[in-house]
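Okay, structure first, notes after.
In what follows, every chain begins at residue 1, and chains take the letters A, B, ... in the order their sequences are listed.
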Protein chains: 2
Amino acid sequence: MVFTIGETANKTGISEYTLRFYEKKGLMPFVKRTSSGRRYFSEDDIDFLGLITCLKNTGMPLAEIKDFVDMTMQGDETLEKRLTIFRTQRAAVKQQIAAAQRRLEKLDFKVRYFEAACEAGTEAAVEGDCDVPNSPITINDALRVK
Amino acid sequence: MVFTIGETANKTGISEYTLRFYEKKGLMPFVKRTSSGRRYFSEDDIDFLGLITCLKNTGMPLAEIKDFVDMTMQGDETLEKRLTIFRTQRAAVKQQIAAAQRRLEKLDFKVRYFEAACEAGTEAAVEGDCDVPNSPITINDALRVK
DNA sequence: GTAAAACTTAGACCATAGTCTAAGTCAACA
DNA sequence: TGTTGACTTAGACTATGGTCTAAGTTTTAC
């Protein structure tokens, strides 16, 4: 089963523009052409595109993804290098998750803070320290507006 | 305690360029000036900058952060809107964490896959399915190169 | 066999978020 | 009191990652 660029765009959610752009950037040297020059994508191509997307979503720049793709095309002689890349990206994602969890805590504090502020009718009545994890939030009734 | 732009850049890790850029974009209407026109940042300003950074890191565009900052300057009449923003961003970060965890699984598979490939000396000897969580990876000894 | 839809290219254009330069002003200190 | 360093501005420039247009070709479907 092979797919046109339009079908591939549909399947992957990546626009045709972007697919062509990726090819121009050297991210998809594996995509074949019909005799008249039209691209067609195999299932494997689309799977690999999924890996490219995964790497992109880890924050890897397209230029670096291209290097990885080039290594892949070179075959077994680049196995160690590719392993290193995946180890590096795995570590990066672990850090991203940890950072996102800290962000989540901060946002959660803010939600609780503004819930209290909405209830009190004013921020002035709300007490709590954003920098203390799970800090209790209290309303100073003397300062309530509603 | 107040800080110059240089000190603030040092404290926050945000360059002076970027701090000025943020001010120009309307993200820091609260920053005051000396009589000669130099900016100075209070501790509260720097705390708020931390919140701006937090929102930015959730993926919120600067233009939207500006809207939030404007609401903050408007005071208590925007409490509900700000609560909504934080609830939205909290939900967004939860999704980002979930997506990152799926990415981590994929990368972890790849690490294990390439560890096997390196051991076997060739990808051809490695068997395993990336789409199955914690899929076992095996080496087909008949195809080993080392 | 022809019209519409889907594709091709090169290259222009865009948004976002900085980053830097040039020319000038101000502050700190020896 | 002068010089060095830190600051000011406007505006040019950069990088990244697309996104679109125009002109032309090929496929598909009636």
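In this structure, R82(A) does not pair ionically with E77(A), as no charged nitrogen and carboxylate oxygen lie closer than 4.0 Å. Between E16(A) and R20(A) there is a salt bridge, with a side-chain nitrogen of the basic residue lying less than 4.0 Å from a carboxylate oxygen of the acidic one. Between R33(B) and E23(B), at least one side-chain nitrogen of the basic residue sits less than 4.0 Å from a carboxylate oxygen of the acidic one, meeting the salt-bridge criterion.
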**OP:** Please step through salt bridge (Lys or Arg N to Asp or Glu O under 4.0 Å) for the pair E64(B) and K56(B), ending with a clear verdict.
**Re:** CA-CA 9 Å; E64(B) 259 174 68; K56(B) 190 177 80 72; over 6 Å; no
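Annotation: cation-pi geometry not satisfied between K24(A) and F21(A) (NZ/CZ under 6.0 angstrom from ring centroid, within 45° of ring axis). Figure legend: K110(A) and Y113(A) shown as a cation-pi pair, the cationic atom lying under 6.0 angstrom from the six-membered ring centre and within 45 degrees of its axis.
In this structure, K56(B) reaches the sugar-phosphate backbone alone: every heavy-atom distance under 4.0 Å involves primed, P, OP1 or OP2 atoms, never a base.
Formation of a donor-acceptor pair under 3.5 Å by the E7(B) side chain with backbone atoms of T4(B) is found in this model. At least one donor-acceptor pair closer than 3.5 Å links the side chain of S15(A) to the backbone N or O of T18(A). When atom types are taken as modelled, the side chain of D108(A) and the backbone of L104(A) share no donor-acceptor pair closer than 3.5 angstrom.
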Subject >> Per-nucleotide protein contact string for nucleotides 19-30 of chain C (B base, S sugar-phosphate only, - none; heavy atom under 4.0 Å) >> reply: BBB---BBS---
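For T4(A), no side-chain nitrogen or oxygen approaches OP1 or OP2 of dA6(C) to under 4.0 Å. Residue R33(B) places at least one side-chain N or O under 4.0 Å from the OP1 or OP2 atom of dT9(D).
Between the CG atom of L19(A) and the P atom of dT9(C) there is a distance of 13 Å, rounded to whole Å. Computed from coordinates, the F3(B) CZ to dA6(D) P distance equals 17 Å when rounded to whole Å. Computed from coordinates, the K32(A) NZ to dC7(C) P distance equals 19 Å when rounded to whole Å. Between I5(B) atom CD1 and dA6(D) atom P there is a gap of 13 Å when expressed in whole angstrom units. Nucleotide dA17(C) holds its P atom 14 Å from the CD1 atom of I14(B), rounded to whole Å. What separates CD of E16(A) from P of dT19(D) is a distance of 13 Å, to the nearest Å. In this structure, K25(B) places its NZ atom 14 Å from C1' of dG11(D), rounding to the nearest Å. The separation between N10(A) atom CG and dA6(C) atom P is 10 Å, rounded to whole Å.
For the helix from dG1(C)-dC30(D) to dA30(C)-dT1(D), the end axes, each set by the C1' atoms of five terminal pairs, are bent relative to each other by 10° (nearest 10°).
Between Y22(A) and R39(B), it is R39(B) whose nearest contact on DNA chain D lies nearer the 5' terminus.
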